[in-house]
Each structure stands twice: as structure tokens, then as C-alpha cells.
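Some notes on the structure that comes next.
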Amino acid sequence: MIDTRPTLYLSRLLPDPIMAIVRERFQMVHEPLDALPSLSALRKGLCQADVAIVTLGDHIEAETIHAATRLKVLANYAVGYNNIDLAAARQRGLIVTNTPDVLTDATADLTWALLLATARRVVEGDALVRSGLWTGWSPTQLMGAEVSGKTLGIIGMGRIGQAVAQRAVGFRMPVRYHTRQPMATTSLPREWEHRSLHGLLGEADIVTIHLPLTPNTHHLIGARELSCMRPTAFLINTARGPIVDEEALANALKTGIIAGAGLDVYEQEPAIHPALAQLKQVVLLPHLGSATVHARVQMGLVCLENIDAVLAGRSAPNQVQ
Ligand code: DGY
């Protein structure tokens with residue numbers, strides 16, 4: 001019997017519940033691996049597919065988009081979509097979708113985990129206990145920075161920035177935020193105050209970034225911005241690595257311009273700036289923002305919902321362009 005199911009290209013293995021749905025409902029171009037495909041494998045796969053799910057490590061360039069003539073929809077398994085040449089997709093009429101909302105809580109929670117781990121030296125503490133060198137409680141051991149009551153600076157107040165701000169209530173932290181325009185005050189708690197970027201950097205004890213990566217936000221935080229921060233301040237980034245100039249950050253940390261940093265994302269993932277790995281005042285995570293079972297399954301379901309809509313001739317609920 002002829003298989004009439006649409007052809008799907010999946011660039012990476014997704015969580016089991018999503019794989020089960022995908023295998024049942026689509027003809028798979030091939031069985032995906034738990035590793036990034038090469039550019040040529042990615043291009044070949046997309047060229048054979050009616051619909052596709054790709055991840056943030058897959059760089060979908062204009063050449064690939066124009067070559068994939070069968071492809072109707074490219075569902076990006078992420079909220080950020082800086083990995084896709086949107087102008088080329090628009091030109092070619094290819095629908096691109098993302099996965100907003102379902103990963104907001106997971107990413108906001110992870111931001112707080114990283115913030116607390118950085119300020120309270122959690123990773124150093126874990127290493128000390130495991131080393132067998134811990135000699136017991138000491139009044140001066142691994143003293144970190146107090147978090148409760150300090151000023152939280154949030155750059156970017158989309159869904160994730162706001163979810164991070166909401167979690168600050170329990171820590172009694174005044175929130176300063178930077179967006180290009182102040183948000184409508186009627187929709188905001190009184191404790192959230194707008195600041196210019198440099199005003200926020202000078203005032204906050206902890207600065208956390210929640211912006212998309214665009215040409216305007218590339219290296220938004222460089223040497224000049226870091227020099228505006230307090231020597232006791234921490235920088236947290238769970239958004240996109242290239243928003244921070246890693247070389248400038250490494251210098252700022254080495255010279256005491258700021259106290260520490262918590263990073264989940266990097267300029268050249270999975271490579272990291274070698275100096276950052278040497279510094280104890282930096283906590284490094286492997287891009288775990290959305291990495292909960294719940295969020296990763298929901299992200300898959302959102303991709304499938306968008307694909308279904310396009311195949312049924314409806315508009316995709318999360319089309320990004
Ligand atoms: C996203 O969705 O953009 C996240 O970075 C994935 O973890």
C-alpha cells in the first residue's frame with residue numbers, strides 16, 4: 001500500500017513521547033540521531049521533506065531554504081530563531097514557527113538556579129565536599145553574596161524576563177528593567193521600574209539578560225557596559241551567548257570589574273572562551289534553559305501543532321515572520 005503520510009525531516013532525536021507521535025504520523029526522511037547533523041546532511045534532509053522540525057544548533061541558511069523546494073513549514077524547536085535566515089524564508093514563502101510560552105517557566109526557573117548558584121558559590125561547595133578535603137563548617141568558608149533584598153536588573157521584558165521578575169517577589173528584590181520603551185505602567189507591579197541600559201547596569205546587584213539575538217543585540221554587553229556595573233555585581237545570561245562579548249566578560253571578571261557570572265549560553269556553542277573555564281567566580285551550564293521533561297515535550301507538541309495547521313491549510317499559531 002502506498003504511504004500517503006507527509007514526509008518529515010527531524011534534525012535531532014526528541015523526547016520519547018514526541019518520537020512516538022512523529023513515527024506514527026509521518027514518513028521520516030531518516031531516523032534522527034542524538035547529535036547535530038552536518039550542514040550537508042541537514043540540507044539533504046530538508047530537501048526531501050514536506051515539513052521539518054529543527055533545533056537551535058541547526059543553521060538554516062538562504063541556500064538551504066531555496067534548495068528545499070518541497071518544504072512547507074520549518075518548525076524551530078526553540079523560542080529563539082536566530083538560527084534561521086528569516087528574510088530568505090519570507091522571500092521563498094516558507095513558514096517558520098517557534099515554541100513560545102511552554103518554556104517560559106523552565107527558563108525562568110533555570111535563571112534563578114544559575115543566579116543563586118553563582119552568588120552563593122554552590123558549584124565550588126559541591127566540588128569541595130566531593131574532593132574529600134572539606135574539614136567541616138567554618139565561619140569564613142565559601143562566603144558568597146546575599147541575594148535577598150538586592151536589586152535585580154532585567155534586560156528584556158518579554159515572557160521570560162517577566163517570569164524572572166515575578167520570582168523576585170519572594171526574595172524582596174526591587175526590579176529595574178530595560179526595554180527600548182518603558183512598558184505600560186498599568187500592567188506592571190509598582191516595584192518594576194524602567195531604566196536606560198547604562199542606568200540599569202550601574203544600579204543592579206544582579207543583571208540578567210532576556211533578549212532575543214538580533215543584529216541590534218549582538219555584543220550589547222561589551223567592555224563599556226561591563227565597566228558600568230558594580231564591582232560586587234553578577235551577570236547572568238540564559239538568553240543567547242553572542243549578546244555578551246565573552247572576551248570582554250573574561251577580562252572584566254579577571255580584573256575585578258564585576259564579581260561573577262552565570263552563563264547558560266555561549267558565543268560559539270559548544271565551545272566556550274577558555275578564560276571563562278578557568279575562573280571560579282563563573283558558573284557554566286550547557287544551555288539547559290528549557291531542559292525539563294515537561295517543557296521539552298510541550299515544545300515538541302507545539303511544533304506538531306504548527307505543522308498540523310499548515311498541512312490543514314490553516315495559519316500556523318506560532319509563525320514568526
Ligand atoms: C530557546 O528555546 O530558545 C532555548 O534557548 C532552548 O533551550
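Note that this is a predicted model, so its numbers are computed, not measured. The residues of the chain are indexed from 1 along the displayed sequence. Note that ligands are numbered from 1 as they come in the structure, with each ligand's atoms numbered from 1 the same way.
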*Check each of Thr97, Asn306, Asn98 against Asn318 using the side-chain hydrogen bond (donor to acceptor under 3.5 Å, both in side chains) test, and report the only one that passes.*
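Exactly one option meets the side-chain hydrogen bond (donor to acceptor under 3.5 Å, both in side chains) with Asn318, and it is Asn306.
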_Consider side chain to side chain contact (heavy atoms under 4.5 Å, CB included). Of Thr179, Ile243, Thr208, Leu201, which one does Ile155 pass it with?_
Leu201
*asked:* Under 4.0 Å between a side-chain nitrogen and a carboxylate oxygen: does that hold for Arg5 and Glu24?
replied: no
*If you link I, L, V, M, F, W and Y whenever their side-chain heavy atoms are under 4.5 Å apart, who else ends up in the same group as Ile84?*
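Its cluster mates, by chain and number, are Tyr9, Val29, Leu39, Leu42, Leu46, Val54, Ile60, Ile65, Leu71, Leu74, Tyr81, Leu86, Leu94, Val96, Val320.
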Give me the pairs of N or O atoms, one from ligand 1 and one from the protein, that sit under 3.5 Å apart.
residue	atom	partner	partner atom	Å
ligand 1	2 (O)	Val79	N	2.6
ligand 1	3 (O)	Val79	N	3.4
ligand 1	3 (O)	Gly80	N	3.0
ligand 1	3 (O)	Arg240	NH1	3.4
ligand 1	3 (O)	Arg240	NH2	2.5
ligand 1	5 (O)	Arg240	NH1	2.7
ligand 1	5 (O)	His287	NE2	2.8
ligand 1	7 (O)	Ser290	OG	2.7

*Determine, step by step, whether His218 and Arg240 satisfy the side-chain contact (heavy atoms from CB on, under 4.5 Å) criterion, reporting the C-alpha distance in whole Å, the side-chain angles of both residues, the deciding distance to 0.1 Å, and the verdict.*
CA-CA 9 Å; His218 183 266; Arg240 283 292 181 267; over 6 Å; no
*Could you check whether the rings of His194 and Tyr177 sit parallel, tilted or perpendicular, using 30° and 60° as the cut-offs?*
perpendicular
